[in-house]
Amino acid sequence: MIELKNITKEFIGKERITTALSDVTLSVAEGKIMGVIGESGAGKSTLIRCVNLLERPTAGEIIVDKQNLMQLSSYELMKARRNTGMIFQHFNLLASRNVFNNIAFPLELNHTPRRNIEQRVSELLKLVGLENKAYDYPAKLSGGQKQRVAIARALADNPKVLLCDEATSALDPATTVAILSLLKEINKKLNITILLITHEMNVVKTICDEVAVLNDGKLIEKGSVTEIFSNPKNELTKHFVSSAISIQIPVEYRERLSHTPVNGKHLLAMLKISGQCNINSLFCEMEKNCETGADIICAQIDYIEGVKVGTMLVELKNNKSLNGNESNESDNESNDSEIQAVEFLKNKNIDTKILGYV
Amino acid sequence: MYDGMIDLFLKGIWETVVMTFLSGFFGFLIGLPLGILLFITRDGQIKENRTVNSIISVAVNVFRAVPFIILIVWMIPFTRMIVGTSIGVAAALVPLSVGAAPFIARMTENSLLEVPSGLIEASRAMGATPLQIVCKVLIPEALPSLVNCITITLITLIGYSTMGGAVGAGGLGQIGYQYGYVGYDLVTMNIVLALLVLLVFIVQIAGNYISKKVDHR
């Protein structure tokens with residue numbers, strides 16, 4: 001549905017030329033949700049603005065719904081833009097119009113008869129759950145409500161593509177979840193293709209089918225959300241993934257942590273789970289083989305498209321030491337078998353990192 | 001004071017009001033489109049055009065630099081050409097409108113600059129034509145600010161119109177000048193002043209009220 005081919009965008013300044021995007025190729029299939037993630041200044045906003053030619057790329061091709069936008073006249077482009085809805089971080093609602101007239105705005109632009117406008121707007125108000133706010137002005141609405149109005153407005157013309165420019169970045173976490181589920185619902189119900197840009201991996205995790213990572217104007221990694229989450233290749237991608245699935249060592253443990261084995265202390269390890277492993281049976285097997293149990297301190301496991309992805313902080317405790325045997329000899333032994341347990345986990349393809357001893 | 005004075009003041013008020021509002025109207029007729037052009041031809045705007053922008057900008061600056069009292073005299077040939085005379089209310093309207101237009105153009109440009117650029121971007125994304133952006137986005141969104149701009153212009157025009165009075169345009173200005181300044185009639189002069197202050201207050205209060213009415217921000 002959306003095809004970006006070798007997009008390059010340069011901004012010509014007085015002193016130098018800034019390359020915002022270099023040779024970005026990206027495609028989104030019909031009905032899919034693609035997320036583009038990147039840090040601020042990576043070129044995300046420029047990229048999404050290229051899709052409806054709010055920014056004209058210096059080179060490359062943009063094909064949306066089989067139409068090569070770069071070849072259209074300005075009049076044809078105006079028509080083509082009506083097939084693409086867009087929502088923004090700061091909503092961009094018209095303060096001079098109430099909710100009803102904001103949603104009616106794109107319909108007014110293409111001279112839809114008033115009667116049809118009324119019908120369509122009330123459908124849309126229902127879709128976004130704002131029937132009772134039709135005659136309020138945007139200034140009176142909360143951020144989430146404003147974004148709902150913006151979504152309704154973007155959908156008014158029955159577009160095939162919806163572009164979301166950091167649509168949830170100005171919202172609180174609970175509202176973000178609500179808006180994302182609304183977007184997902186729209187995607188499923190109307191089979192609308194969504195391209196969204198964000199700097200939050202959580203957004204990608206929640207609704208995207210595919211994800212592309214943008215850094216310094218270049219596309220450094222792309223793939224299905226599962227692939228990227230379970231096996232990120234690039235350092236930056238890893239950073240984004242761990243930002244979405246991250247746990248911290250509790251303060252109490254951090255204070256007790258020592259980097260060398262100490263008598264009476266147990267090994268603290270960070271496990272990265274990805275794929276279809278059965279964590280419970282894995283720990284059972286480990287206990288049998290290495291006589292070491294795993295005490296989960298904290299964990300964050302997510303279920304993304306049929307795969308478990310997550311991180312776990314575990315304390316590996318040798319069974320002997322639990323029996324109250326305090327002799328030095330057995331302490332050494334127990335540390336050894338804890339190391340063995342780590343090796344066991346590594347052999348089972350679990351990314352295991354020893355953090356120290358607590 | 002003699003009996004005809006009341007009638008004289010009523011006539012003066014009427015002439016001043018007519019001059020102010022009519023020249024305000026004509027001023028906006030010229031100034032508003034100029035202001036919109038100034039805005040949309042700016043760098044990065046919907047009809048970016050450096051040449052047009054510079055030409056209008058220079059013209060506006062030149063006309064704003066001419067002191068109004070000189071503008072009246074300087075424009076006499078042009079005024080004669082349009083209204084056939086250079087004396088009276090009708091003749092005053094020409095320099096008043098021309099004097100107000102560049103002022104209005106700059107204020108309009110400033111009002112439009114206050115409209116968040118995201119709104120223009122959103123409208124472009126929705127496939128709005130430049131004309132639609134001007135009529136359906138820029139003007140309605142800037143309306144509260146434009147109303148304030150009208151208020152300021154009208155008050156300035158009240159002042160200008162009294163200056164016109166000194167050279168025979170009529171209105172309160174002429175009364176104040178003839179009876180007060182030339183005839184040194186303190187009472188008349190002060191009444192004229194009080195009436196002008198009253199007029200300014202009425203315009204300002206009405207302007208504030210309307211601006212608030214149309215402001216939904």
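In what follows, chains are A, B, ... by sequence order, proteins preceding strands, each numbered from 1. A quick note: this is a predicted structure, and the numbers were derived from the prediction, not measured.
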Identify which part of [X] has an atom lying under 4.5 Å from any heavy atom of chain B, answering side chain, backbone, both or neither.
| X | value |
| --- | --- |
| A:L163 | neither |
| A:L93 | backbone |
| A:Y75 | neither |

Could you tell me the separation between the [atom1] atom of [X] and the [atom2] atom of [Y], rounded to the nearest 0.5 Å?
| X | Y | atom1 | atom2 | value |
| --- | --- | --- | --- | --- |
| A:L109 | B:I133 | CG | CD1 | 8.5 Å |
| B:K136 | A:N101 | NZ | CG | 9.5 Å |
| A:S96 | B:I139 | OG | CD1 | 11.0 Å |
| A:L94 | B:S123 | CG | OG | 6.0 Å |
| B:T129 | A:N110 | OG1 | CG | 11.5 Å |

Legend entry - Minimum heavy-atom distance between B:G127 and A:R82, given as atom pair plus value: O-NH2, 2.6 Å

Legend entry - Minimum-distance pair of heavy atoms, taken over all atoms of A:N52 and B:A125: ND2-CB, 3.6 Å

Legend entry - Option that, when pairs with chain A are counted at under 4.5 Å, heavy atom only, ranks first among B:V115, B:L143, B:L119, B:V137: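 Ranked by heavy-atom pairs under 4.5 Å with chain A, first place is B:L119.
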
Would you say the side chain of [Y] lies within less than 4.5 Å of the side chain of [X], judging by non-hydrogen atoms?
| X | Y | result |
| --- | --- | --- |
| A:R49 | B:R124 | no |
| B:E121 | A:F88 | yes |
| B:H216 | A:R97 | no |

Crowding at [atom1], [X] (>12 non-hydrogen neighbours, <6.0 Å):
| X | atom1 | answer |
| --- | --- | --- |
| A:R16 | CZ | no |
| B:K47 | NZ | no |
| A:L77 | CG | yes |
| B:F78 | CZ | no |
| A:Q119 | CD | no |
| B:F63 | CZ | no |

Legend entry - Contacting moiety of B:E141, where chain A heavy atoms sit under 4.5 Å: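 Contact with chain A involves both backbone and side-chain atoms of B:E141.
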
Legend entry - Interchain contact, B:P116 with chain A, by part (heavy-atom threshold 4.5 Å): neither

Legend entry - Leading residue by heavy atom contact count with chain B [cutoff under 4.5 Å; candidates A:H90, A:E108, A:Q89]: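 Winner by heavy-atom pair count: A:E108.
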
